[in-house]
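A short worksheet on the structure shown next.
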Amino acid sequence: MNDKIYTQPMLKENALDGKVIVVTGGGTGLGKSMTKYFSDLGAKVVIASRKFDVLKNTAAEIEQHSGNRVLPVKCDVTSFDDIRNLLTQTLNEFSRVDVLVNNAAGNFISPTERLSHRAFDIIVNIVLRGTYYATLSFGKHWIKNRHTASVLNIVTTYAWTGSGYVVPSAVAKAGVLALTRSLAVEWAKYGIRLNAIAPGPFPTKGAWDRLFPEELRTKFAVEKKIPLRRTGEHQELANLAAYLVSDYSAFINGEVVTIDGGEWLKGAGEFNFLDEIHPEMWDEIEKIIRSKK
Ligand code: HXC
Ligand code: NAP
């Protein structure tokens with residue numbers, strides 16, 4: 001097997017032909033990687049975030065590669081007016097919208113007791129409020145127009161385990177996961193599917209600057225926490241996202257797909273620390289245990 005096959009595009013050419021997809025936070029990082037792949041697969045993509053210059057450059061770069069329109073829209077997801085404007089601009093440009101990817105996020109590591117209430121607010125507002133504003137706004141449009149559609153939310157594995165030092169993000173992502181599962185059932189009758197992806201560490205400037213700064217990285221190698229001993233490749237996440245927003249996944253609804261090389265389960269399993277035991281020591285350990293009969 002080619003061990004780098006996971007860095008290659010996976011879906012059939014034109015798998016997203018004709019779809020209009022809105023990606024919040026689509027100008028950078030994983031949002032940009034998803035946007036690029038959606039566009040290569042034939043979708044028209046709208047990317048939305050606060051920094052219009054960044055969006056414009058990303059849109060031009062991706063359009064040039066794929067030949068498909070990418071529309072940049074300045075939008076702060078914490079503002080309901082901005083979200084309404086995002087929907088309006090999308091419909092003005094493309095006359096329809098089929099998929100919403102709630103990817104925009106804010107995060108940084110900090111002991112919780114050092115946070116001001118404003119620091120807590122800023123993260124929860126981007127991640128949770130931003131997601132429900134967009135989902136509500138787009139959902140109402142789809143329901144009113146009887147339009148089949150889907151939502152993909154980008155969460156993370158501590159949405160269900162919780163995690164110290166990123167508590168506002170953990171609280172907000174847990175809310176996004178609850179929203180995903182709740183509306184997957186409530187809105188299925190309207191033909192609206194909701195799913196989520198829970199990535200483990202995927203190198204991006206945004207996440208690395210705020211979560212794994214250089215000084216910490218030399219002390220705690222990220223890869224060591226992951227059973228597969230590597231971080232994620234953007235294309236493997238883009239492959240999964242493209243599948244989940246495509247019609248090939250039409251029966252997948254309310255699911256959260258973890259893509260983390262086994263990271264969170266390693267932390268969860270009672271005896272996973274035994275990884276540290278040198279293989280030769282097992283003969284000795286077995287002898288000791290058998291002798292206890
Ligand atoms: C403590 C901090 C802080 C820090 C900001 N604040 N940084 N408090 N420690 N390191 C406080 C400020 O003092 C202020 O509170 C409040 O937070 C708002 O800060 P601003 O700088 O005014 O906000 P803003 O300019 O809007 O920036 C928002 C941000 C920033 C979230 C703080 O980091 C950002 O723009 N992030 C977007 C991209 C991002 O975070 N990407 C990473 C996603 S990775 P006071 O009280 O002073 O007013 C991710 C991965 C998860 O989610 C899983 C990985 C495995
Ligand atoms: P990133 O590049 O920093 O992406 C975050 C994006 O959110 C940026 O493009 C940013 O653009 C946008 N954003 C922030 N605040 C916003 C606001 N108020 N309104 C609109 N847009 C806003 O980081 P990333 O690593 O690619 O993260 C993408 C997603 O993956 C996030 O949901 C993150 O939680 C999730 N995730 C990442 C990892 C990882 O290891 N990288 C792991 C698990 C989950 P502007 O600054 O222009 O607004």
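Atoms within a ligand are numbered from 1 in the order they appear, just like the ligands themselves. By convention here, the first residue in the shown sequence is residue 1. Just so we're clear, the structure is a prediction, and the values are computed from it rather than from any experiment.
- The shortest separation from a heavy atom of Thr24 to ligand 2 is not under 4.0 Å, leaving the residue out of contact.
- Looking at Thr35, Val23, Asn153, Val45 one by one, the single match for side-chain contact (heavy atoms from CB on, under 4.5 Å) with Val101 turns out to be Val23.
- Thr156 OG1, 3.5 Å is the protein heavy atom nearest to atom 53 (C) of ligand 1.
- Among protein heavy atoms, the minimum distance from atom 11 (C) of ligand 1 is reached at Ala119 CB, 3.6 Å.
- Geometrically, ligand 2 and Asn103 share a nitrogen or oxygen pair separated by less than 3.5 Å.
- Nearest to atom 2 (O) of ligand 2 by heavy atom, out of Asn125, Thr231, Thr28, Ile197, is Thr28.
- Tested against Asn107, the residues Thr156, Val166, Ile126 include a single side-chain contact (heavy atoms from CB on, under 4.5 Å) partner, Val166.
- A salt bridge does not link Lys19 to Asp17: none of the charged nitrogens lies less than 4.0 Å from a carboxylate oxygen.
- Here the heavy atom of the protein found nearest to atom 31 (C) of ligand 1 is Ile123 CD1, 3.6 Å.
- In this structure the side chain of Glu286 reaches within 4.5 angstrom of the side chain of Arg290, judged on heavy atoms.
- Where the criterion is an N or O separation shorter than 3.5 Å, residue side chain and backbone included, Ser110 fails it with respect to ligand 1.
- Checked by distance only, ligand 2 and Thr204 come closer than 3.5 Å through their nitrogen or oxygen atoms.
- The pair Asp283-Lys287 does not count as a salt bridge, with every side-chain nitrogen at least 4.0 angstrom from each carboxylate oxygen.
- Under a 4.0 Å heavy-atom criterion, Gly130 is not in contact with ligand 2.
- Ion pairing of Lys44 with Glu93 is absent here, as no side-chain N (NZ or NE/NH1/NH2) approaches a carboxylate O to less than 4.0 Å.
- Only side-chain heavy atoms of Lys173 come within less than 4.0 Å of ligand 2; its backbone N, CA, C and O stay farther off.
- Between Asp76 and ligand 2, a contact under 3.5 Å exists for at least one N or O pair.
- Remark: ligand 1 atoms within the under-4.0 Å shell around heavy atoms of Tyr158 are 51 (C), 53 (C).
- Heavy atoms of His117 come nearer than 4.0 angstrom to ligand 1 in no pair at all.
- For Gly26, no nitrogen or oxygen atom sits less than 3.5 Å from a nitrogen or oxygen atom of ligand 2, counting backbone and side chain alike.
- Counting only heavy atoms of the protein, atom 1 (C) of ligand 1 lies nearest to Phe108 CE1, 3.6 Å.
- Aromatic pair Trp160/Trp264: centroids less than 6.0 angstrom apart.
- Some N or O of Val77 is nearer than 3.5 Å to an N or O of ligand 2, by distance alone.
- Where the criterion is an N or O separation shorter than 3.5 Å, residue side chain and backbone included, Ser169 fails it with respect to ligand 1.
- Within the 4.0 Å heavy-atom criterion, the part of Ser116 lying near ligand 1 is the side chain and not the backbone.
- Residue-ligand proximity: Phe202 is placed with every non-hydrogen atom at 4.0 Å or more from ligand 1.
- Regarding atom 38 (C) of ligand 1, its nearest protein heavy-atom neighbour is Ala105 O, 3.4 Å.
- Contacts of Phe52 with ligand 2, taken as heavy-atom pairs under 4.0 Å, are absent altogether.
- Of the protein's non-hydrogen atoms, the one nearest atom 54 (C) of ligand 1 is Leu211 CD1, 3.8 Å.
- Neither the backbone nor the side chain of Ala198 comes within 4.0 Å of ligand 2, counting heavy atoms alone.
- Where the criterion is an N or O separation shorter than 3.5 Å, residue side chain and backbone included, Phe202 meets it with respect to ligand 2.
- Compare Ser49, Gly29, Gly31 by their heavy atoms: the one nearest to atom 47 (O) of ligand 2 is in Ser49.
- Among the atoms of Pro203, none of the N or O lies under 3.5 angstrom from an N or O of ligand 2.
- Residue, atom and distance of the protein heavy atom nearest to atom 23 (O) of ligand 1 are Ile122 CD1, 4.0 Å.
- What sits closest to atom 43 (C) of ligand 1 on the protein, heavy atoms only, is Asn107 CB, 4.0 Å.
- Contacts of Arg210 with ligand 1, taken as heavy-atom pairs under 4.0 Å, involve the side chain alone.
- In this structure, Arg230 forms a cation-pi arrangement with Tyr6, its terminal cationic atom sitting closer than 6.0 Å to the ring centre and no more than 45° off the ring axis.
- For Arg50, every heavy-atom contact with ligand 1 shorter than 4.0 Å involves the side chain, none the backbone.
- For atom 18 (N) of ligand 2, the nearest protein heavy atom lies closer than 4.0 Å.
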